[in-house]
Student: 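Here you go, one structure.
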Number of protein chains: 2
Amino acid sequence: MKEEVSTEELIINAARKVFTTRGYNGARMQEIADEAGINKAMLHYYYRSKDKLFDIIFDEAVDKLMLRINTVFEAQGSITDKIAVIVDMYITTLSDNPYLPLFVLHEMSQHSDRIVKRFMAKPNFPNIQLFLDEVNKEIKQKKIAKIEPEQLLINVLAMCVFPFVAKPLIQGVLRKDDVAYKVLLEERKRSVVKFINAALAI
Amino acid sequence: MKEEVSTEELIINAARKVFTTRGYNGARMQEIADEAGINKAMLHYYYRSKDKLFDIIFDEAVDKLMLRINTVFEAQGSITDKIAVIVDMYITTLSDNPYLPLFVLHEMSQHSDRIVKRFMAKPNFPNIQLFLDEVNKEIKQKKIAKIEPEQLLINVLAMCVFPFVAKPLIQGVLRKDDVAYKVLLEERKRSVVKFINAALAI
DNA sequence: ATTAAATTTAACCATTTGGTTAACGATACA
DNA sequence: TGTATCGTTAACCAAATGGTTAAATTTAAT
């Protein structure tokens with residue numbers, strides 16, 4: 001008795017693969033159908049249009065990118081501890097979904113108005129203020145060095161996300177194959193945390 | 001006597017705008033023609049095909065991204081001094097060409113094989129080894145803290161480039177309009193340099 | 001001024017692509 | 001068993017798109 005996968009699921013899985021790797025403009029309904037092993041008309045039978053299907057995949061991608069950031073922010077502990085958790089979470093999650101960030105960022109830059117609104121309306125939209133306030137608090141308490149909280153946030157995100165956005169570039173420059181790149185990313189978890197801690201040390 | 005702009009130039013300027021904002025797949029030959037204020041057939045008369053035109057724009061974009069990095073590397077001075085120069089150069093250049101990095105990274109991730117080769121064959125391809133060696137040297141001399149040179153390089157690039165790749169996202173999260181974002185980027189020049197210096201301090 | 005070459009345009013063409021339709025087959029229900 | 005609903009397919013359609021062509025116009029050379 002083999003596991004049955006519903007046609008809906010076949011389609012979503014195929015659409016995820018095609019949309020995230022090719023982008024909206026590069027994605028072809030026929031390729032999604034082929035990838036799912038079904039007839040093209042089925043895509044429209046289940047999901048109406050390319051746009052509708054794309055919205056589902058994009059929303060799902062955004063959700064995955066949000067992680068459980070709020071959970072981390074709302075937890076107890078120092079800001080450096082929280083950053084350590086976030087860095088680890090990001091690099092781990094993105095290692096399993098390497099196409100996510102470039103996909104989301106590229107689509108956002110194209111339809112910024114339509115999409116950014118959707119993005120911020122999400123219920124699990126990270127509560128950034130919590131992070132910013134806490135950084136300021138610890139600065140006042142002389143627990144960490146002085147820094148603009150917004151800049152720190154960008155630094156953390158940048159160092160986590162960039163290696164996935166720029167993978168082919170970095171691989172070219174450093175001449176690493178996929179295996180070596182995996183290793184570099186694994187090492188990166190502790191390297192980035194150490195780097196941030198040193199930068200924030202007083 | 002008005003300034004004459006050759007048709008070739010009109011086309012290249014239009015193509016640059018359309019390709020970098022829409023990407024290869026989103027770019028339309030008709031839109032390039034309209035943007036240039038000429039007939040669509042002229043595009044083919046001067047540049048044969050969409051592919052040929054794209055290659056020119058992409059190469060040009062890559063060149064701009066390379067900056068004069070080698071010049072910096074080959075210059076005298078400590079590694080932290082060089083990093084300070086690079087950070088300033090990058091944020092300044094990208095502020096004037098905000099679409100460049102996402103454009104290049106997105107296209108690279110799609111045609112990585114075909115394009116990455118072109119990329120590395122460039123005569124002004126940055127000589128990374130110089131940077132890596134120098135970092136190791138200063139670590140041995142106890143001038144900077146211990147760090148994997150490759151990770152440091154990624155950190156520097158990440159913090160410079162990410163704000164441009166993720167502009168709409170960051171603007172949404174931090175609720176900044178374009179003016180406020182310009183300010184944030186300007187502050188960022190010294191903020192990032194200070195951050196890196198603190199992280200590398202012994 | 002005449003002619004040849006270069007430049008520009010409108011009309012056209014073939015292919016691709018998202019989407020539709022009508023018929024066919026399976027499944028469930030009476 | 002008949003029939004209605006759901007799932008699936010092949011064939012088809014209209015619009016979009018990269019590219020071509022042949023004629024018209026401008027520019028340059030003799």
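Because the structure is predicted, anything quoted here is derived from the model rather than measured. Order of the sequence lines sets the chain letters (A, B, ...), proteins ahead of strands, with each chain counted from 1.
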Student: Taking the six-membered ring for Trp and the full ring for Phe, Tyr or His, determine whether the centres of B/Phe58 and B/Phe54 are under 6.0 Å apart.
Tutor: yes
Student: How close or far is atom P of D/dG19 from atom CG of B/Leu53, stated in whole angstroms?
Tutor: 10 Å
Student: Does a side-chain N or O of A/Ser49 approach OP1 or OP2 of C/dG18 to a distance below 4.0 Å, or not?
Tutor: no
Student: Could you check whether the rings of A/Tyr24 and A/Phe19 sit parallel, tilted or perpendicular, using 30° and 60° as the cut-offs?
Tutor: parallel
Student: Touch check for A/Met42, heavy atoms < 4.0 angstrom, all strands: base, sugar-phosphate only, or nothing?
Tutor: base
Student: Between C/dT9, D/dT20, C/dG19, spot the one nearest the side chain of B/His44, thanks.
Tutor: D/dT20
Student: Will you find, in the side chains of B/Gln171 and B/Asp178, an N or O donor that is under 3.5 Å from an N or O acceptor?
Tutor: yes
Student: By the 4.0 Å heavy-atom rule, please label A/Ala27 as base, sugar-phosphate, or nothing.
Tutor: sugar-phosphate
Student: Without decimals, in angstroms, what is the distance between A/Lys52 NZ and C/dG18 P?
Tutor: 16 Å
Student: Would you kindly give the NZ-to-C1' distance between A/Lys40 and D/dC12, to the nearest whole Å?
Tutor: 10 Å
Student: Could you tell me the separation between the CZ atom of B/Arg28 and the C1' atom of D/dA15, rounded to a whole number of Å?
Tutor: 12 Å
Student: State which of D/dT8, C/dG18, D/dG19 makes the closest approach to the side chain of A/Thr7.
Tutor: D/dT8
Student: Could you check how far CD1 of A/Ile11 sits from C1' of C/dG19, rounded to whole Å?
Tutor: 14 Å
Student: I want to confirm an ordering. Mapping A/Ala41 and A/Tyr24 to their closest nucleotides on DNA chain C, which one lands closer to the 5' end?
Tutor: A/Tyr24
Student: Verify, without hydrogens or angle tests, whether B/Lys50 (side chain) and B/Ala27 (backbone) share a donor-acceptor contact under 3.5 angstrom.
Tutor: yes
Student: Ignoring hydrogens and angles, answer whether the base of D/dG19 and the side-chain atoms of B/Lys50 contain a donor-acceptor pair closer than 3.5 Å.
Tutor: no
Student: Going by distance alone, is a donor N or O of one side chain under 3.5 Å from an acceptor N or O of the other, for B/Lys143 and B/Thr80?
Tutor: no
Student: Expressed in angstrom and rounded to an integer, what is the separation of A/Ile38 atom CD1 from D/dT9 atom P?
Tutor: 8 Å
Student: Report the distance from atom CD1 of A/Ile32 to atom P of C/dT17, rounded to the nearest whole Å.
Tutor: 12 Å
Student: In whole angstrom, give the distance that lies between atom CG of B/Asn39 and atom C1' of C/dC12.
Tutor: 13 Å
Student: Among D/dG18, D/dT9, C/dT7, which nucleotide sits nearest the side chain of B/Tyr45?
Tutor: C/dT7
Student: With sugar-phosphate meaning primed atoms plus P, OP1 and OP2, does B/Tyr46 contact a base, only sugar-phosphate, or nothing at under 4.0 Å between heavy atoms?
Tutor: sugar-phosphate
